[in-house]
Structures are given as structure tokens and as C-alpha cells.
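Lettering follows sequence order; numbering is per chain, from 1.
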Number of protein chains: 2
Amino acid sequence: MIEHEHLRHLEAFARYGTLSKAAEELHISQPTLTRSMQKLEDEIGVPLFLRTKNHLEFNANGELAADYARRILEQTDSMVERVRALDRAGRTISIGSCAPMPMLTAVRNATHLYPEMTISSECRDCEPLIEGLRSELYQIIILPYRPEDKDLYIQKTETETLFFAVPSGHRFAGSNGIYMKEMDGENMLLYSDIGFWHSLPREKMPHSRFLVQTDRFAFEELMSSSILPCFVSDIALADNWNSADRVLVPILDPEAKVTYHMVCLKKTLSKVRKLFLSVI
Amino acid sequence: MIEHEHLRHLEAFARYGTLSKAAEELHISQPTLTRSMQKLEDEIGVPLFLRTKNHLEFNANGELAADYARRILEQTDSMVERVRALDRAGRTISIGSCAPMPMLTAVRNATHLYPEMTISSECRDCEPLIEGLRSELYQIIILPYRPEDKDLYIQKTETETLFFAVPSGHRFAGSNGIYMKEMDGENMLLYSDIGFWHSLPREKMPHSRFLVQTDRFAFEELMSSSILPCFVSDIALADNWNSADRVLVPILDPEAKVTYHMVCLKKTLSKVRKLFLSVI
DNA sequence: ACAAATTACGTGATGCGTAATCATA
DNA sequence: TATGATTACGCATCACGTAATTTGT
């Protein structure tokens, strides 16, 4: 029987050129390697080495055997890796989302519906999300539009609408709707963790400067204590909203309102069906 | 460390469905298999089976692992097989020939020039010879013509000419050359082991019956004691010829004289160069 | 003299089979 | 009751490392 460990030894010899060096690298004794190589030759039944009293090198047989050993070891490592990955995948639901708000909703639902599962979630742009879904890095992704593909199972979920939150003394405080370009040039507070929304303000308001806050507490503190306008969404409002003496002004640009779609591969649907049913 | 033997056990379980059956087939005890499977799970770090108290079956991880095991075992078996084949090839010169006479010459030379090598030889038709050369089943082949290919190294060797050997009383005994068709219809003795020559008489003399002798002794005995004409070649004559009261009549058909060519792949030439040099 | 491979030798780990146990069909 | 999986246990094997040997640089 060919021993797997002997193949490791063979491969190490191929890499390091001498048994001594290989033994050192493998943290085993030199005689052990000598014996491993002898066992291999014995097992296969042909010489693998050219021997002189204190030198050892491959003959043609050995070269071929080392090639095979390399491939077999790769396969074995790949087996361990892939089986572990499969196991992990079986115990995990991975959710990728274009924005944090619908992701939170999905994670909340998933946690309740699959209490024994690990729920992993992250925000990414739409393209990597779709690629990730196809490569099964994600089982579920949430997009701000309906993708067209017959391999995908798609379910409309919530909508999110963006507003300006301006101090009560602001020039638009009394308005019942403005376009973003009307606000262009005015500096604004901006929270960083807003997913795909990050591009919209920069596109529509190229002359504004955005004071990006990565910390939620800092952002809310500044919202109370400064007169800089900022964005808020209706979903975020539902969560918690300390009015902070600010007025909401609807944004009239159509891009300010999106409908989220929860998407999975049709072949994966069975695994996450409960989650899709829960949002109907 | 993943043990190769454990993969064999896994594969056996996949094939036979229960540990008991697999243990029986592998001629080992049931507990050994239990332990092997436990070791594998331990090694990979994930469960591979669905266990009920007296039943064991794969889960998804196990199915995947078994797939890999199958491939790894195939590769390992293939390694042993191919390394052994390479070793054998390194100790063997395989000669394929279209006819026995030039083959004997080549085997004689090879035996002298490579006394430590095994010389294997066989007669085949030209097409399988060329295929066999390309697949390295043969290192050297001998053809009755010059093949055209730049991957081949070619050396003219001997020529062989065919004669009729007729009893001295035969109607052509005095002739100094006839065409085969002139002999058509007359029954003849024919020795079976004549390589590619076998088709020529049947083609040119479709009305003759050939009394094929597979045994050399029987053939020679009949040549002495019967009045049936037969074929002989100049090379065969050189070996031994008991005239046996027979007259040689040259055959005028051009196909009755061939020039043999010894052929090898250019990339194999170094291994057999001495043999090619010896015939110049 | 040093480095590399191999052989000798004693010891500890380990992996086997037998036997016992448990559970299910 | 029979079959299949697992655990317990004792024993023999075997594979390791240390030490000694040989040989070539």
C-alpha cells in the first residue's frame, strides 16, 4: 500500500534536493526519509533513484513518480479544503446586500428562521454581488433593481426612499420636495455605511463637499449639533429618529426611491425558501 | 495526515453501502473500518456521515469526499502503473517488424549491442507498426518501404528477394525468370510465418490454393518429399538451404523484391543509436 | 573534517482483531 | 433474533529517533 506520507516525503525530496535538507524542513530525522524512499521503491517495485554512497538523485522513474506525487498531494489537499468548505456552506447562510438597511431586515429574518445556522452578511456593489451569487459565495443577495435572468429566483421586498434632513431654519425647510441638483454646492454630512447609495450624491451634487462620518455616533451627534443638511431614509427613520430639530424634505429625483429585490439561484432556493416566504 | 488506506476504506464503503459488507470485501474487521472513518472525519474536521445507532450513510460532505477519494486512488494506481511501465520501457527495446527475416537480423544485432536489455520483438502489418511506433509501444519498426515523415529517423537495411523453389522436373525449372501470374492456378506450399508477404501470393495468384504450414519442420519436410512448388527468399537461403533437389526460379514481379527500412522516432534515436550505426 | 546516506537497535506508539455492548428492523 | 455500528481491551507490529558506519568532497 502506497502511504500518503511517503508521497509527502518524496515531494519534499524533489523540492529540497537532499534527504538531509528535506528532513530538516519536515522536522523529522534523516533515517526516516531514507526508509520512506526505500518503502516507496519497494512498493512500486522499481528503483526511483540513482544511488552513490553519499548522494541520492532521481532517475527517470523517480521524476515521474514525483510528478504524480505532486498531483496526488494537490488533490488530497483540495479534498480536505473543499469538503471543509462544503460543510461550512451547509451551516451558513451568506447574504450579500447593496445597502445596509435591507440587509439588516434579511439578517433579522434569517436569524429567527434558521437559529442553528450561521448568518454571514456583507455590503458590496451590485456587480460583485451577482458574481458572488453565481460562484455560490452568497446564497442570497439584495439588489436595488430586478435582475433579468431565468436562473435566478427573485422576490420584491421593501422600498427605501431618501430624504434631505435640514435644520428648521434652512432655506428648503418649508419645501415639499426638491431635486438634488438644487442642493448642489452645499456641503453636507454623509454617513459612510450606506451601500450602493454612495454614488448618488456625488453624481447629482458634484459641487458639494461631503463630510463623511464612519462612526454612527459621531454622525448623529453632528446631526444634532450642526446646521449641515444630511440624508436620511424612511427605513432608517422607522428604526429610531430623534427629530433633532430637523425637517424632512422629499427628494424628487426618481433614483431617490428604490425597490429592493431578494435574489437567489433557483437551484439553491430549497435551502432558503422559508426566508423568501417570510417576506411575502 | 490523511492516510491513503483510509481513502481505500472510504471508497469501499461508498461501493458496498455498509461497513460490514466493505469489511468482508476488504478482508478486514468491521471495527477497523469504523475507526478509519472516524479518523477521516477527525482529520478533515467535519462529519462525513449521518449516523443512527446501527446505520451509517454519507452526508453531503461524505459524498464529496468519496468522489475525491475515488479520483485520488485512481491517480495513485495510475502512478504505480505508469512508473512500472516506464521502468520496463527503460530496460526493454521493442522491435516491431513487417517480416520475420529482417526482424531476426535486428534482434541479433540488438542482443549483441545491448546485452543488459530485454529485446522484445513481434511481426505485425505495417499500419499497426506505425501506430505502435507513435505510441512508443515499439522503439524500432522495420517496414518494406520508406515512410515519409519528418518525425521519423529512417535507415535503409537489407533487401529481400523472393524466388519460386520448384522441383527439378517442374515445367519452369529451366526458366530464368517468371511472373507470378504464370504460376496462377498451381497449388503451392506456403509457410505461415512470413509477415507482410502473406498478401502477395493471394493477390497475384488468386486461383492457386496455398497449403499453409504453421510448423517449420513440417514445411521443410514437405518441401523435400513433395513436388509442390513453394516460395523462398534470398535471406532465408543464406541461413540454411538443403537444396532438396529443387531449382530456384527468379520472380519478375517488382513486388517480389523489397528494401527494408529500420525506423524510429527521432526523439528516441539516442536510446537505440548504436543499433542504427551497426547496419551502415 | 564535514556532510550525506544508510544500517543497527531499542523503545514507544499505534492499529489490529476479538469480544462485548447497544440498537434497530 | 439477526444485523450492523461502536467501544473496550490486550497484544504484536512497526515506525520513529539516536547512535554508529560508510563514503565521498
Side-chain angles (χ1 to χ4, degrees), chain A residues 1-63 65-66 69 72-73 76 80, chain B residues 1-63 65-66 69 72-73 76 80:
Chain A
M1 176 79 61
I2 298 279
E3 293 288 340
H4 198 80
E5 191 166 24
H6 294 167
L7 298 184
R8 296 241 176 249
H9 294 174
L10 190 74
E11 192 274 340
F13 176 74
R15 233 155 7 107
Y16 298 113
T18 72
L19 292 185
S20 318
K21 194 72 184 24
E24 189 181 338
E25 298 290 335
L26 295 176
H27 306 295
I28 59 176
S29 71
Q30 211 169 358
T32 299
L33 277 185
T34 294
R35 285 188 291 259
S36 288
M37 301 301 99
Q38 287 169 343
K39 287 250 169 180
L40 269 179
E41 287 181 304
D42 195 54
E43 195 61 48
I44 302 180
V46 306
L48 302 176
F49 303 96
L50 300 170
R51 291 190 160 78
T52 62
K53 272 296 178 187
N54 69 345
H55 185 73
L56 195 72
E57 65 180 310
F58 282 135
N59 64 14
N61 299 337
E63 299 280 4
I72 292 168
L73 294 172
T76 311
V80 173
Chain B
M1 176 80 60
I2 299 278
E3 294 288 340
H4 197 81
E5 191 167 24
H6 294 165
L7 298 184
R8 296 243 176 249
H9 294 173
L10 190 75
E11 192 274 341
F13 175 74
R15 231 154 9 106
Y16 298 114
T18 72
L19 293 184
S20 319
K21 194 72 183 23
E24 190 181 337
E25 297 291 336
L26 295 177
H27 306 295
I28 59 176
S29 71
Q30 213 169 355
T32 300
L33 276 185
T34 294
R35 286 188 290 259
S36 289
M37 300 301 99
Q38 288 169 342
K39 287 249 170 183
L40 270 179
E41 288 182 303
D42 195 53
E43 195 61 49
I44 302 181
V46 306
L48 301 176
F49 304 96
L50 299 170
R51 291 188 160 79
T52 61
K53 272 298 177 187
N54 72 342
H55 186 70
L56 194 72
E57 64 180 311
F58 283 134
N59 64 15
N61 298 337
E63 298 281 3
I72 292 168
L73 294 172
T76 311
V80 173

Side chains of L56(B) and T18(B): does their closest heavy-atom pair fall under 4.5 Å?
no
What residues 36-59 of chain B contributes to the DNA chain D interface at heavy-atom separation below 4.0 Å is Q38(B), R51(B), K53(B), N54(B), H55(B), L56(B)
How far does CD of E5(A) sit from CE of M1(B), to the nearest 0.5 angstrom?
4.5 Å
Nucleotide dA3(C), atom P - distance to NZ of K21(A) in whole Å
14 Å
d(CD, E24(A); C1', dA4(C)) in whole Å
13 Å
Flag the pair T32(B) / L26(B) as yes when at least one side-chain heavy-atom distance between them is below 4.5 Å, and no otherwise.
no
For DNA chain C, which residues in residues 26-34 of chain B have a heavy atom at a distance below 4.0 Å?
I28(B), S29(B), P31(B), T32(B)
Which pair of non-hydrogen atoms, one from H9(B) and one from M37(B), has the smallest distance, and what is that distance?
CB-CE, 3.6 Å
Please compare E5(A) and R35(B) by the position of their nearest nucleotide in DNA chain D and report the one closer to 5'.
R35(B)
State, yes or no, whether a side-chain contact exists between E3(B) and L40(B) at a heavy-atom distance under 4.5 Å.
no
Pairwise distance CD1(I2(B)) to CG(L73(A)) - rounded to 0.5 angstrom
11.5 Å
Which distance, rounded to the nearest 0.5 Å, do you find between the CD of E41(B) and the CG of N59(B)?
8.0 Å
Tell me every residue that passes salt bridge (charged side-chain N to carboxylate O under 4.0 Å, His left out) with R35(B), counting only those two or more places apart in sequence or in another chain.
none
